[in-house]
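In what follows, chains are A, B, ... by sequence order, proteins preceding strands, each numbered from 1. Keep in mind that what you see is a predicted model, and the values were worked out from it rather than measured.
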Amino acid sequence: MSLTIRSLESVGEYALLMNRVFSVPDRMRVFLKEFSKEVYKLGVNSIWIVSIISFFIGAVTVMQISLSIDSPLLPRFTVGFVSREIILLEFSSTIMCLILAGKVGSNIASEIGSMRITEQIDALEIMGVNSANYLIFPKITAFVVFMPVLVIFSMFVGLMGGYIICLVLGTPSVDTYIYGIQAFFRALFVWNSIAKSMIFGFIIASVSAFYGYNAKGGALEVGQASTNSVVTNSILILAANLLFTQTTMG
Amino acid sequence: MIEVKNLIKEFEGRIVLNNINAEFEKGKVNMIIGKSGSGKTVLLKCLIGLVQPTSGDILYEKESIIGMKASEMNRLRRDMGMLFQGSALFDSKTVLENVMFPLDMFSRMSRRERRKRAEFCLERVNLAEAHNLYPSEISGGMMKRVAIARAIALNPKYLFCDEPNSGLDPKTSQLIDELIADITAEYGMTTIVISHDMNSVINIGDNIIFLNEGIKEWVGGRDEVMYTTNDKLNDFVFASDLFKKIKEADDAITMRESAKA
Ligand SMILES: Nc1ncnc2c1ncn2[C@@H]1O[C@H](COP(=O)(O)OP(=O)(O)OP(=O)(O)O)[C@@H](O)[C@H]1O
Ligand SMILES: [Mg+2]
């Protein structure tokens, strides 16, 4: 019971914080500077991890499916086709965002949390700066805007991973694979994935900022806030994914 | 001038500030002293509006800040500079960027002018050489000086300092104290300094308020603080061995001289 009340309270506090976050920045020039910094820090700096993971998961997916779909009744291009569906629909959006919830989410929560406990947020407030807007708004916008880049990157590199596997193993052949990943292609799925991941991006940036902003105590609590933010983010992403898939595909 | 009227602050039923009345004058260093946990920081946070008092009033130049609209409060805050206990420098910005920050946010100056103003403020606190270092790369005393430079960048009317010399060696604390006193006189600011340190109190305290368990126990000037008859203040002042010994020596000399006479 008390847990329910506490979660309801948190939802209320989250809403109040977002209300302060979403206002017109005091200075556009300052906002744009922070925005571009965050694009670099949250987005560009995530490209390498997205690439590495996508490459290997893409490769292993093609390998697994190639081994399992071994029936003469199914054409070989099915391997490419199924791998593409998995990568485009779920891997490059949902799984990628779960990974980013760990990397980007903990980064945001610990950065804002340590600013809270070292009174940097108080320092902003006393200057008359809307600290929520100044600190959090650039992070959310930068991450959400950069999300499609990461997703498309992940799709491309994931399919590349599969391609390399076909090159190395020779089954299915590269041509069959290429044919497979183009078969029955619906661009809608790509848009779907992008839209989904932007929602997840919003969840990651705003929820971890919320945890950081409300951190109290010392370095230990900042660590806790960052762990908690990753857990909450993961649950919210999985739930949002179900909801989104149900409403758009079902 | 800042006035505090019948200020009460409770946290979950526990009274932390009990009916405080005080005046903080312009152009003077007003000091709040008292033991740890006596409510000094809470009083300061009430003054700057980071904590809402339970009851009572706070007036800036006769204008109450209780129930003030957020936009008005933000305007007033542009006249405030604050030096936090831990300096609270932005650790993702360099020294120069820290000092430029309030200017970036609120001044209408060009980039060149903002830079010049920030450099001037850094020079004013004798810190002309560390512009491009990050807060993690400078010493505690330098951080305090950067924080002062940032606090005065916009020429504030009110300067608040929470234990400006905690964690500094005696020599550096004295430099920081003198800097605060000089700047206050130079710009005619209303300065409020929280301190534990009797050295600073005697050095720069123009108007001293002694808090004890949330009650304003005593108020007076730096010349009076050593010779008070208030027991609780005496306890506080002479808690330091050095001061106790000086006082004993002083008393002994007075006794000898009166014996001679
Ligand atoms: N947010 C809060 N919630 C509950 N109690 C608080 C809060 N802030 C301060 N207090 C309590 O108010 C009392 C006064 O605290 P305050 O920080 O003002 O002391 P202080 O005089 O500044 O001490 P120090 O010299 O150690 O900094 C303490 O007992 C503290 O526990
Ligand atoms: Mg304190």
>> Which atoms of A:Met127 are under 4.5 Å from chain B, going by heavy atoms: the side chain, the backbone, both sets, or neither?
In response: both
>> Quick check for you: among B:Met105, B:Lys45, B:Arg150, which has the greatest number of heavy-atom pairs under 4.5 Å with chain A?
In response: B:Met105
> With the threshold set at 4.0 Å, does a side-chain nitrogen-carboxylate oxygen contact exist between A:Lys37 and A:Glu34?
Replying inline: yes
> Considering only heavy atoms, which portion of B:Phe101 lies under 4.5 Å from any heavy atom of chain A: side chain, backbone, both, or neither?
Replying inline: side chain
> Top residue by heavy-atom pair count (under 4.5 Å) with chain B, among A:Thr118, A:Asp26, A:Leu124?
Replying inline: A:Leu124
> Is any residue of residues 56-84 of chain B within less than 4.5 Å of chain A by heavy atoms, and which ones?
Replying inline: B:Asn74, B:Arg77, B:Arg78, B:Met80, B:Met82, B:Phe84
> Looking at A:Arg27 and B:Asp104, does any basic side-chain N land under 4.0 Å from a carboxylate oxygen?
Replying inline: no
> Does A:Tyr211 have any side chain to side chain donor-acceptor pair (under 3.5 Å) partners at least two apart in sequence or in another chain, and if so, which?
Replying inline: A:Thr232
> Do B:Glu119 and B:Lys116 pass the salt bridge (charged side-chain N to carboxylate O under 4.0 Å, His left out) test, and can you show the C-alpha distance, the side-chain angles, and the key distance before you say yes or no?
Replying inline: CA-CA 5 Å; B:Glu119 280 167 352; B:Lys116 256 185 129 168; over 6 Å; no
> Regarding A:Ser106 and A:Ser226, is there a side-chain donor-to-acceptor distance under 3.5 Å anywhere?
Replying inline: no
>> Evaluate A:Glu125 against A:Arg20 for salt bridge (charged side-chain N to carboxylate O under 4.0 Å, His left out), listing each step before the verdict.
In response: CA-CA 12 Å; A:Glu125 287 293 321; A:Arg20 290 189 60 213; 2.9 Å; yes
> For A:Tyr14 and A:Ser206, does a side-chain donor sit closer than 3.5 Å to a side-chain acceptor?
Replying inline: yes
>> Do the side chains of B:Asp162 and B:Lys40 get close enough for a salt bridge, i.e. N-O under 4.0 angstrom?
In response: no
>> At a 4.5 Å cut-off on heavy atoms, which part of A:Val30 comes close to chain B: side chain, backbone, both, or neither?
In response: side chain
